[in-house]
K.L.:
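Have a look at the structure that comes next, please.
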Amino acid sequence: MTSVDTPALLSWFERVGRPLPWRAQGTGAWEILLCEVMSQQTPVARVEPVWRAWLERWPGPAELAAAAPADVIRMWGKLGYPRRALRLRECALVVVDTHGGRVPHDVDELLELPGVGDYTARAVACFAYGQRVPVVDTNVRRVVARAVRGEAEAGPPSARRDLAAVETLLPPDREQAVAFSIAIMELGALVCTARSPRCDDCPLASSCAWVAAGRPDWDGPRRRVQTFAGTDRQVRGLLLDVLRDGDGTAPRAALNAVWPDAVQRDRALDSLLADGLMVRAGDRYSLPA
DNA sequence: GATCCGTGGAC
DNA sequence: TGTCCAAGGAT
């Protein structure tokens, strides 16, 4: 079982790591939590402008907690999965109400926050508070699968296994461990990518188990490709667009116009109401005040 | 564990 | 052009 050449990895990061705004010295825990939630299943490049605008409008959890859900949904824009915006506001409420307005340090407490799961809790503990905890995202899983196990893909995630695997790779020194996690994520994002890994530019190539094995194809189960066209997800997006891009309210007829299949349209609409992304008053549908 | 939940860029 | 996939979380 190969390990990871940490010095080579850290040196590479110093050279080509992106100067993302939330990596600047002095970035607070709330700002880091915000960017981590926004980055869930969303390319980092799309997050940056929204992150800036968001913090300008609501600098901290107290301001966000006082905001109207409608404004929060609008500010979320087209980042996708808008339920995250509602969870973020709920998270701000919990931070204010039960943590005195400060983002908690402990992973277990972070996990209690709405919209904060296994990855985000550890990302905040590590990146915001400098704790030596494994941080496992899709990039880390992929780099470890290749560099350590010699497999082309990570296979299905398993929180327990993945955490244990990364824990064994984590440098003992706290600051090194933090730098390791940032760098290995960046490597997965920039070099050891899912589609066409740029092994020629990889600082781990000479020690990589996958490269050593001749970059064998993945022989595990093919990951199910997520369809989008024609799904409820697409319909929800179209429906929400009507309110998000307009003045926040619309009659039923305006919503009906965006999707012909009444059964699916109603199902999507009901799910939006259930999620609290819309409210209904008679014939009118609105973003939640 | 499987499924659902947006959006858009890269190839 | 259609496929793939992106700093996951909740149920």
Side-chain angles (χ1 to χ4, degrees), chain A residues 17-18 20-23 31-51 73 76-88 90-91 110-128 134-143 152-163 166 178 181-190 192-198 218 221-245 258 264 267-268 270-272 274-277:
Chain A
R18 296 167 292 179
L20 298 175
W22 42 84
R23 285 180 180 156
E31 297 157 85
I32 289 179
L33 189 157
L34 181 66
C35 90
E36 296 300 343
V37 171
M38 288 181 167
S39 299
Q40 292 165 5
Q41 293 288 283
T42 305
V44 165
R46 223 182 303 168
V47 167
E48 190 171 331
V50 181
W51 182 80
I73 293 168
W76 191 258
K78 310 285 280 188
L79 286 181
Y81 296 136
R83 293 188 297 191
R84 288 185 291 164
L86 295 180
R87 295 269 153 71
L88 202 43
E90 295 162 12
C91 175
L110 286 161
L111 283 170
E112 295 296 314
L113 300 175
V116 174
D118 225 41
Y119 162 75
T120 305
R122 289 178 171 77
V124 170
C126 178
F127 303 149
V135 181
V136 184
D137 76 332
T138 185
N139 291 306
V140 175
R141 282 168 27 74
R142 185 174 54 250
V143 173
E153 294 185 19
S158 159
R160 209 170 313 280
R161 276 205 312 275
D162 297 339
L163 279 172
V166 174
V178 174
S181 287
I182 295 175
I184 197 171
M185 281 178 62
E186 188 79 338
L187 187 70
L190 298 183
C192 194
T193 55
R195 209 110 38 122
S196 6
R198 303 162 41 199
W218 171 246
R222 227 33 252 187
R223 205 168 41 148
R224 273 201 355 105
V225 290
Q226 58 168 354
T227 57
F228 180 65
T231 62
D232 287 7
R233 220 150 76 253
Q234 182 188 19
V235 181
R236 283 168 55 103
L238 292 172
L239 291 168
L240 199 57
D241 262 347
V242 175
L243 303 188
R244 200 164 36 200
D245 298 344
V258 303
Q264 187 177 26
R267 187 171 63 233
D270 285 343
S271 72
L272 286 168
D275 285 344
L277 286 165

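Note on naming: letters A, B, ... go to the chains in the order of the sequence lines (proteins, then strands), and numbering restarts at 1 for each one. These values consider heavy atoms only, across backbone and side chains, with no hydrogens, waters or symmetry-generated copies.
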K.L.:
Tell me the interatomic distance from A/R141, atom CZ, to C/dC5, atom P, rounded to whole angstroms.
P.N.:
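Between P of C/dC5 and CZ of A/R141: 13 Å.
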K.L.:
Whole angstrom is fine here: how far is it from CZ in A/R198 over to P in B/dA10?
P.N.:
14 Å
K.L.:
Considering all heavy atoms of both residues, which atom of A/C35 and which atom of A/V47 are nearest to each other, and what is their separation?
P.N.:
O-CG1, 4.4 Å
K.L.:
Give, ordered by number, those residues of residues 153-160 of chain A having at least one heavy-atom distance below 4.0 Å to an atom of DNA chain B; if nothing qualifies, reply none.
P.N.:
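DNA chain B contact set from residues 153-160 of chain A: none.
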K.L.:
Would you say A/V140 and A/V135 make side-chain contact, with heavy atoms under 4.5 Å?
P.N.:
no
K.L.:
Check whether A/R84 reaches the backbone of A/G80 with its side chain - one donor and one acceptor, N or O, closer than 3.5 Å.
P.N.:
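Confirmed, A/R84 side chain pairs with A/G80 backbone.
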K.L.:
Near DNA chain B, counting only heavy atoms under 4.0 Å, which residues of residues 34-45 of chain A show up?
P.N.:
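Output list: A/Q41, A/T42.
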K.L.:
What's the shortest heavy-atom distance between A/A121 and A/V116, and which atoms?
P.N.:
N-CG1, 3.5 Å
K.L.:
Verify side chain to side chain contact (heavy atoms under 4.5 Å, CB included) between A/F228 and A/T231, making sure each step is shown before the conclusion.
P.N.:
CA-CA 5 Å; A/F228 180 65; A/T231 62; 4.0 Å; yes
K.L.:
Any side-chain N or O of A/R142 less than 4.0 Å from the OP1 or OP2 oxygen of C/dA6?
P.N.:
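Indeed, a polar side-chain atom of A/R142 lies that close.
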K.L.:
Please step through side chain to side chain contact (heavy atoms under 4.5 Å, CB included) for the pair A/F127 and A/S181, ending with a clear verdict.
P.N.:
CA-CA 9 Å; A/F127 303 149; A/S181 287; 4.0 Å; yes
K.L.:
Start at the 5' end of DNA chain B and walk down; is the nucleotide closest to A/D232 or to A/R195 reached first?
P.N.:
A/D232
K.L.:
Find which nucleotide of DNA chain C each of A/M185 and A/G115 is nearest to by heavy atoms, and output the residue with the more 5' nucleotide.
P.N.:
A/M185
K.L.:
Taking all heavy atoms of A/L240 and all of A/P82, pick out the closest pair and write down the distance.
P.N.:
CD2-CG, 3.6 Å
K.L.:
May I have the distance from A/E186 (atom CD) to C/dA7 (atom P), rounded to whole angstrom?
P.N.:
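For the pair A/E186 CD and C/dA7 P, the rounded distance is 10 Å.
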K.L.:
Out of C/dG9, B/dG6, C/dA7, which has the shortest distance to the side chain of A/D118?
P.N.:
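Shortest atom-to-atom distance from the side chain points to C/dG9.
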K.L.:
Is any N or O donor-acceptor pair between the side chain of A/R224 and the base of B/dT3 shorter than 3.5 Å?
P.N.:
no
K.L.:
Using atom P in both nucleotides, what's the gap between C/dA7 and B/dC11 to the nearest angstrom?
P.N.:
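C/dA7 and B/dC11 have their P atoms separated by 14 Å.
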K.L.:
For the residue pair A/L238 and A/V258, what are the closest heavy atoms and their distance?
P.N.:
CD1-O, 3.9 Å
K.L.:
Rounded to whole Å, please give me the gap between OH in A/Y81 and C1' in B/dT3.
P.N.:
11 Å
K.L.:
Just the rounded figure in Å: distance from P of B/dT7 to CD of A/E48.
P.N.:
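After rounding, the reported distance stands at 21 Å.
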K.L.:
Per the atom types in the model, does the base of C/dG8 pair as donor or acceptor with the side chain of A/Y119 at under 3.5 Å?
P.N.:
no
K.L.:
Under 4.0 Å, counting only non-hydrogen atoms across every strand here, what does A/W22 touch: a base, just sugar-phosphate, or nothing?
P.N.:
base
K.L.:
I'd like the P distance from B/dG8 over to C/dG9, given in whole Å.
P.N.:
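After rounding to an integer number of Å, I get 22 Å for this pair.
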K.L.:
Using a 4.0 Å heavy-atom cut-off, does A/T231 contact any base of the nucleic acid, only the sugar-phosphate backbone, or nothing at all?
P.N.:
nothing
K.L.:
So what does A/D275 hit on the nucleic acid, given a heavy-atom distance under 4.0 Å: a base, only sugar-phosphate, or nothing?
P.N.:
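If one applies the 4.0 Å heavy-atom cut-off, A/D275 turns out to touch nothing in the nucleic acid.
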K.L.:
In terms of side-chain heavy atoms of A/R233, which of C/dA7, B/dG8, B/dC5 is nearest?
P.N.:
B/dC5
K.L.:
Using atom CZ of A/R83 as one end and atom C1' of C/dA10 as the other, report the distance to the nearest whole Å.
P.N.:
7 Å
K.L.:
Pick base, sugar-phosphate or nothing for A/L79, based on heavy-atom distances below 4.0 Å to the nucleic acid.
P.N.:
base
K.L.:
Contact class for A/A194 vs. all strands (heavy atom < 4.0 Å): base, sugar-phosphate, or nothing?
P.N.:
sugar-phosphate
K.L.:
Rounded to the nearest angstrom, tell me the gap between atom CZ in A/R46 and atom C1' in B/dG8.
P.N.:
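Answer to the nearest Å: 4 Å.
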K.L.:
Assess whether a salt bridge exists between A/D241 and A/R244, defined as any Lys/Arg side-chain N lying under 4.0 Å from an Asp/Glu carboxylate O.
P.N.:
yes
K.L.:
To the nearest angstrom, how far is A/L111 atom CG from C/dG8 atom C1'?
P.N.:
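Those two atoms, CG and C1', are 13 Å apart.
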K.L.:
How would you label the contact of A/G117 with the nucleic acid (heavy atoms, under 4.0 Å): base, sugar-phosphate, or nothing?
P.N.:
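Since only primed, P, OP1 and OP2 atoms lie under 4.0 Å of A/G117, the category is sugar-phosphate.
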K.L.:
Counting the atoms with a prime plus P, OP1 and OP2 as sugar-phosphate, which does A/L20 contact under 4.0 Å by heavy atoms, base, sugar-phosphate, or nothing?
P.N.:
base
K.L.:
I need the minimum non-hydrogen distance between A/R198 and A/L190, along with the two atoms involved.
P.N.:
NH1-O, 3.1 Å
K.L.:
For A/E36 and A/A123, which heavy atoms make the closest approach, and how far apart are they?
P.N.:
CD-CB, 3.8 Å
K.L.:
Mind checking A/V116 for me? I need base, sugar-phosphate or nothing, with any heavy atom below 4.0 Å counting as a touch.
P.N.:
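If one applies the 4.0 Å heavy-atom cut-off, A/V116 turns out to touch the sugar-phosphate alone, with no base involved.
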K.L.:
Contact class for A/Q234 (heavy atom, under 4.0 Å): base, sugar-phosphate, or nothing?
P.N.:
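Since no nucleic acid heavy atom lies under 4.0 Å of A/Q234, the category is nothing.
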K.L.:
Tell me what A/S271 touches on the nucleic acid: a base, only sugar-phosphate, or nothing, going by heavy atoms under 4.0 Å.
P.N.:
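No contact.
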K.L.:
Hey, which sits more toward the 5' end of DNA chain C by its nearest nucleotide, A/V225 or A/R87?
P.N.:
A/V225
K.L.:
Enter the distance from A/I32:CD1 to A/R23:CZ here, rounded to the nearest 0.5 Å.
P.N.:
10.5 Å
K.L.:
With a 4.0 Å cutoff (strictly under), does any side-chain N or O of A/R223 reach OP1 or OP2 of C/dC5?
P.N.:
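Indeed, a polar side-chain atom of A/R223 lies that close.
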